[in-house]
Amino acid sequence: MTTIVPTSEEDPVLSVVRFITEMSWVDAGPEVAEPQVTRLCLEAQECVVAERWSDLTSLMLTSADVIFSKASEKELECIYTVICNLVTKADNLDQVHEMAELISTKVTQQANEKPAVRLRILFNLYNLLDNPYSRFFVYMKALKLAIEAKVPEHVTPSFKSVDSLLREWNLGVKDQRDLFLSISNILKESKGSAKESFKYLTKYLATFSGEEEAKEEAVRAVIEFVKAPDMFQCDLLEMPAVAQLEKDAKYGLVHQLLKIFLTGRLDAYLDFQAANSSLLQSYGLVHEDCIEKMRLISLVDLGLHDSARIPYSVIKEALRIEDNEVESWVVKGITSKLLDCKIDQMNQVVIVSRCTERVFGPRQWESLRTKLATWRGNISHVIGTIKANRLPEDAAESLAVR
């Protein structure tokens with residue numbers, strides 16, 4: 001956070017007012033400029049004496065906005081540091097929020113002009129605020145600016161702290177939605193952030209409980225999941241915002257496609273594609289990419305539902321591949337961390353020890369409960385065996401001592 005260090009007896013606020021007014025009117029000549037400088041400095045002084053901080057903020061912002069293209073980045077940061085520091089003088093939370101709103105709204109205008117400086121100003125303002133909601137308001141302005149100016153790299157590092165910030169801000173549902181959707185949109189434009197973008201999009205959708213809203217975002221989430229070559233698991237089917245698509249006249253087929261990718265196999269996808277190829281193309285889905293993803297999904301599904309020992313012939317049929325491609329697809333499944341298995345070339349079988357679930361619903365929870373109960377029983381049996389073997393040993397040691 002920048003700190004203003006006075007270098008003269010004049011109040012830093014009045015120094016800034018004088019500086020920005022002179023720069024604003026420099027082209028008009030001294031005859032016009034000097035009266036304006038005198039007038040605005042007197043107005044600023046009156047505001048300081050009367051502690052009218054909102055009026056002073058508004059007065060300074062009017063001139064500061066004019067010189068944004070004229071001043072250097074260093075000058076702008078110094079100017080806006082003085083302006084932002086005014087929020088620390090007000091003792092009324094409503095007045096502080098009003099001032100924060102004035103500053104951040106003015107700073108986010110003309111976002112494409114020196115966006116990095118504007119963002120530094122906003123984060124400086126953020127750090128000067130104590131009110132959680134005012135902080136959230138300024139943060140959202142920073143995200144909006146980053147989107148408009150296409151400079152996501154300046155705000156994405158802050159996303160690592162979103163969980164702790166949410167606890168601090170204590171937001172309502174509507175504000176949470178705005179936050180999650182903004183973050184998702186920013187990450188969507190950031191290279192290599194598709195998974196993170198999808199994560200925040202699903203957080204956004206999870207805030208809905210069946211309202212006839214967010215259909216476009218729900219469709220976007222489905223398409224992003226289907227497109228992603230490295231995403232094989234999600235909870236979209238369980239979300240009311242996505243479930244509403246199933247009976248929607250416009251988006252019913254999108255829901256059907258999601259269901260295939262989360263519960264079906266390659267044959268179901270191929271049937272769907274044959275009947276709806278134009279739909280897939282309209283959403284930018286590439287048929288060959290979908291086939292590749294569905295082959296991996298089908299391979300995993302074989303291990304989950306058919307047998308822990310899968311013959312090559314079954315894999316060949318399910319994935320619709322040639323004999324000599326079976327092992328390469330199994331290796332793809334392993335490298336994608338979708339399954340752990342061993343390839344028995346002699347017996348032409350794949351022995352599966354673990355598979356990744358595509359969805360985690362009641363059936364998966366029941367399976368996990370059963371496994372934990374078995375594990376607990378095995379541990380109890382081991383402990384009992386150890387205790388039983390130690391009793392004779394302890395008795396023998398006792399007799400030897402006597």
Side-chain angles (χ1 to χ4, degrees), residues 1-4 16-17 19-21 23-24 26 57-88 96-129 131-162 165-166 169 171 175 177-194 196-197 199-201 204 220:
M1 183 171 68
T2 309
T3 304
I4 290 294
V16 168
V17 171
F19 177 81
I20 58 181
T21 306
M23 186 175 286
S24 299
V26 66
T57 301
S58 182
L59 182 149
M60 296 179 75
L61 285 171
T62 301
S63 299
D65 185 57
V66 174
I67 57 93
F68 216 99
S69 59
K70 296 181 179 180
S72 68
E73 292 191 2
K74 187 175 181 180
E75 288 171 335
L76 286 170
E77 288 194 65
C78 289
I79 290 167
Y80 275 93
T81 296
V82 173
I83 296 173
C84 291
N85 266 280
L86 293 176
V87 300
T88 64
V96 170
H97 185 78
E98 180 187 347
M99 293 163 67
E101 189 172 342
L102 276 172
I103 297 168
S104 55
T105 300
K106 185 66 78 171
V107 170
T108 51
Q109 291 174 354
Q110 298 178 327
N112 290 316
E113 185 181 5
K114 299 177 181 174
V117 179
R118 293 177 186 272
L119 284 168
R120 287 199 294 272
I121 292 168
L122 288 174
F123 283 117
N124 178 38
L125 173 62
Y126 178 97
N127 289 327
L128 290 166
L129 296 167
N131 181 19
Y133 190 77
S134 295
R135 283 188 156 204
F136 167 71
F137 181 88
V138 172
Y139 185 79
M140 289 299 294
K141 285 287 187 179
L143 297 190
K144 181 175 181 290
L145 191 150
I147 293 172
E148 290 181 2
K150 297 181 180 179
V151 286
E153 66 277 6
H154 292 288
V155 294
T156 48
S158 68
F159 297 163
K160 296 176 182 177
S161 306
V162 165
L165 291 175
L166 278 170
W169 293 332
L171 303 175
D175 288 329
R177 287 173 182 170
D178 292 343
L179 175 66
F180 294 146
L181 189 58
S182 295
I183 292 177
S184 177
N185 289 337
I186 289 173
L187 289 170
K188 185 182 177 183
E189 303 302 320
S190 302
K191 188 177 180 180
S193 300
E196 282 294 298
S197 174
K199 182 181 82 172
Y200 281 100
L201 183 57
Y204 166 80
R220 173 188 151 191

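Predicted model only: the values in this text are computed from it and were never measured. FYI, the numbering just counts along the sequence from 1. Below, all heavy atoms of this structure are taken into account, side chains as well, without hydrogens, waters or symmetry copies.
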Chi angles and distances behind the ring pair (Phe, Tyr, Trp, His ring centres under 6.0 Å) call for Phe136, Tyr133: CA-CA 5 Å; Phe136 167 71; Tyr133 190 77; 5.8 Å; yes
Check against salt bridge (charged side-chain N to carboxylate O under 4.0 Å, His left out), Glu113 and Arg118: CA-CA 8 Å; Glu113 185 181 5; Arg118 293 177 186 272; 3.6 Å; yes
Aromatic ring pairing Tyr200/Phe159, orientation class (parallel under 30°, perpendicular over 60°, tilted between):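 Geometry flag for Phe159 against Tyr200: tilted rings.
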Just verifying a value: how many Å separate [X] [atom1] and [Y] [atom2], rounded to the nearest 0.5 Å?
X: Arg135; Y: Leu165; atom1: CZ; atom2: CG; result: 8.5 Å
X: Tyr80; Y: Glu77; atom1: OH; atom2: CD; result: 12.0 Å
X: Phe180; Y: Lys199; atom1: CZ; atom2: NZ; result: 9.5 Å
X: Ser197; Y: Asn185; atom1: OG; atom2: CG; result: 7.0 Å
X: Lys70; Y: Ile20; atom1: NZ; atom2: CD1; result: 12.0 Å

Tell me if a side-chain donor or acceptor on [X] pairs with a main-chain N or O of [Y] at a distance below 3.5 Å.
X: Lys114; Y: Phe68; answer: yes
X: Glu196; Y: Ser193; answer: no
X: Thr108; Y: Thr105; answer: yes
X: Asn124; Y: Arg120; answer: no

Compare all side-chain heavy atoms of [X] with those of [Y] and state whether any distance is below 4.5 angstrom.
X: Leu179; Y: Tyr139; answer: yes
X: Glu148; Y: Asn112; answer: no
X: Met60; Y: Leu86; answer: yes
X: Ser104; Y: Lys144; answer: no

Full working for side chain to side chain contact (heavy atoms under 4.5 Å, CB included) between Val96 and Asn131: CA-CA 8 Å; Val96 170; Asn131 181 19; 5.5 Å; no
Provide the closest heavy-atom pair for [X] versus [Y] in the form atom of the first, atom of the second, distance.
X: Ile186; Y: Val155; value: CD1-CG2, 4.0 Å
X: Leu119; Y: Ala142; value: CD2-O, 3.4 Å
X: Ala100; Y: Leu125; value: O-CD2, 3.9 Å
X: Ser184; Y: Leu201; value: OG-CB, 3.5 Å
X: Ser182; Y: Ile147; value: O-CD1, 4.0 Å
X: Ala111; Y: Leu145; value: CB-CG, 3.9 Å

Among Asn85, Ile79, Ile83, side-chain contact (heavy atoms from CB on, under 4.5 Å) partner for Thr81: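 Answer to the side-chain contact (heavy atoms from CB on, under 4.5 Å) test with Thr81 among Asn85, Ile79, Ile83: Asn85.
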CA sep, side-chain torsions, deciding dist, call: Phe19, Cys78, side chain to side chain contact (heavy atoms under 4.5 Å, CB included): CA-CA 11 Å; Phe19 177 81; Cys78 289; over 6 Å; no
Side chain to side chain contact (heavy atoms under 4.5 Å, CB included) between Glu98 and Ser58, worked out: CA-CA 10 Å; Glu98 180 187 347; Ser58 182; over 6 Å; no
